[in-house]
Amino acid sequence: MEYDDASDELRDALSLWLVEIAHIGSTAVPGLAAKPVIDTQIGVKDLAATSAIVNALEPLGYEYVPELEATLPFRRYFRRSVNGRVTHQIHLVERSNTEWWERHIAFRDWLCGHPDDRDRYGELKKSLAIEHQCDRAAYTDAKTEFVQAIERQARIDTT
């Protein structure tokens, strides 16, 4: 429900540029342990519209974080916070970037359709959250091997 409300709001605000919108991340997978953060993947026609998109998202409470483009230059990242806690994240890419787009959708869909892998991933996330509670980057890095293995399996299954 929270994603549906956010996506409706984003569709309205970004209608000039929007190609596709999708719920990704752990909250998109029923039954998966997740922080209460809604991740939305937005595909647009062209990142050249970033300035206008920033202006369209700011009234909705989204903050543009351009520093992250140093590591992912093809993605624009936005976050919305309530009382200092991030509640929503937007991962904005050109929809023509099919590798990025499809990889995130395939991972989500695999976990939705494979409860054993979903549960293993949930347990991994819980243990890593304890181990790396003060280091978000280390937590993310430590999940990479599992995520990439699922992405490879999902690719094999769709070929």
Side-chain angles (χ1 to χ4, degrees), residues 2-4 6-30 32-58 60-81 86-114 117-118 120-122 124-125 128 132 135-159:
E2 198 170 340
Y3 168 76
D4 292 334
S7 68
D8 288 346
E9 182 179 59
L10 292 167
R11 282 179 207 285
D12 290 344
L14 302 177
S15 62
L16 294 175
W17 311 281
L18 185 67
V19 174
E20 192 170 351
I21 187 168
H23 189 188
I24 61 168
S26 296
T27 60
V29 179
L32 178 59
K35 299 181 307 292
V37 178
I38 304 299
D39 282 286
T40 303
Q41 178 166 268
I42 296 178
V44 295
K45 298 169 195 162
D46 190 346
L47 289 178
T50 296
S51 293
I53 291 169
V54 169
N55 291 335
L57 291 175
E58 282 179 342
L60 302 179
Y62 286 93
E63 171 193 11
Y64 175 45
V65 186
E67 305 83 55
L68 298 180
E69 291 165 31
T71 54
L72 295 172
F74 54 84
R75 181 194 71 164
R76 304 295 178 261
Y77 173 79
F78 299 80
R79 64 184 171 218
R80 181 162 68 184
S81 301
V86 174
T87 59
H88 295 74
Q89 300 180 119
I90 294 173
H91 309 274
L92 185 97
V93 297
E94 290 182 353
R95 183 55 187 91
S96 60
N97 185 344
T98 55
E99 190 279 329
W100 169 276
W101 188 274
E102 292 171 6
R103 188 167 50 88
H104 286 82
I105 299 301
F107 183 72
R108 176 202 67 194
D109 290 352
W110 182 273
L111 293 181
C112 286
H114 296 84
D117 287 335
R118 178 203 62 208
R120 284 188 316 120
Y121 186 51
L124 174 65
K125 288 174 43 165
L128 293 175
H132 300 291
D135 188 345
R136 179 87 178 127
Y139 166 80
T140 300
D141 289 346
K143 296 187 306 179
T144 299
E145 186 177 326
F146 182 92
V147 170
Q148 289 176 343
I150 294 296
E151 290 171 348
R152 283 190 300 275
Q153 185 60 47
R155 256 193 318 276
I156 290 166
D157 264 27
T158 59
T159 56

(Q) Would you compute the distance between atom CD1 of Ile24 and atom CD1 of Ile90 and round it to the nearest 0.5 angstrom? (A) 11.0 Å
Q: Check the surroundings of atom CD in Glu145: do more than 12 heavy atoms from other residues, nucleotides or ligands lie under 6.0 Å from it?
A: no
Q. Does any non-hydrogen side-chain atom of Arg136 lie less than 4.5 Å from one of Tyr139?
A. yes
Q | Minimum-distance pair of heavy atoms, taken over all atoms of Val19 and Val44 | A | CG2-C, 3.7 Å
Q. Looking only at heavy atoms, what is the nearest atom pair of Arg120 and Asp117, with distance?
A. NH2-OD1, 2.9 Å
Q) Looking only at heavy atoms, what is the nearest atom pair of Phe74 and Val93, with distance? A) O-CG1, 3.7 Å
Q) In Å, rounded to the nearest 0.5 Å, how long is the span from CD of Gln89 to CD of Gln41? A) 12.5 Å
Q: Check whether any side-chain heavy atom of Leu57 sits under 4.5 Å from a side-chain heavy atom of Leu10, and report yes or no.
A: yes
Q: Check whether any side-chain heavy atom of Lys45 lies under 4.5 Å from a side-chain heavy atom of Arg95, and answer yes or no.
A: no
Q: Using atom types as modelled and distance alone, determine if a side-chain donor or acceptor of Glu94 lies under 3.5 Å from a backbone N or O of Leu47.
A: yes
Q: Taking all heavy atoms of Arg108 and all of Ala28, pick out the closest pair and write down the distance.
A: CD-CB, 3.8 Å
Q: Check whether any side-chain heavy atom of Glu2 lies under 4.5 Å from a side-chain heavy atom of His88, and answer yes or no.
A: yes
Q: Can you spot which of Val37, Val86, Thr87, Leu68 makes a side chain to side chain contact (heavy atoms under 4.5 Å, CB included) with Arg79?
A: Val86
Q) How many angstroms lie between atom CZ of Arg75 and atom CG of Asn97, to the nearest 0.5 angstrom? A) 11.5 Å
Q: Taking all heavy atoms of Ile38 and all of His23, pick out the closest pair and write down the distance.
A: CG2-NE2, 4.2 Å
Q) Given side chains that start at C-beta, do those of Asp39 and His91 come closer than 4.5 Å, heavy atoms only? A) yes
Q: Find out whether Tyr121 and Lys143 are in side-chain contact, i.e. whether some heavy atom of one side chain is under 4.5 Å from a heavy atom of the other.
A: yes
Q: Could you tell me the separation between the CG atom of Leu60 and the CG atom of Asp12, rounded to the nearest 0.5 Å?
A: 9.0 Å
**Q.** Side-chain touch Tyr3/Thr27, heavy atoms, less than 4.5 angstrom
**A.** no
Q.
To the closest 0.5 Å, what do you measure between OG1 (Thr140) and NE2 (His132)?
A. 9.5 Å
Q | Arg155/Glu151 ion pair, N-O < 4.0 Å | A | no
Q. Which atom names give the shortest non-hydrogen contact between Val54 and Phe78, and what distance separates them?
A. CG2-CE2, 3.7 Å
Q) When you measure from the side chain of His114 to the backbone N and O of Trp110, does any donor-acceptor pair fall under 3.5 Å? A) yes
Q) In Å, rounded to the nearest 0.5 Å, how long is the span from CG of Leu92 to OH of Tyr64? A) 9.0 Å
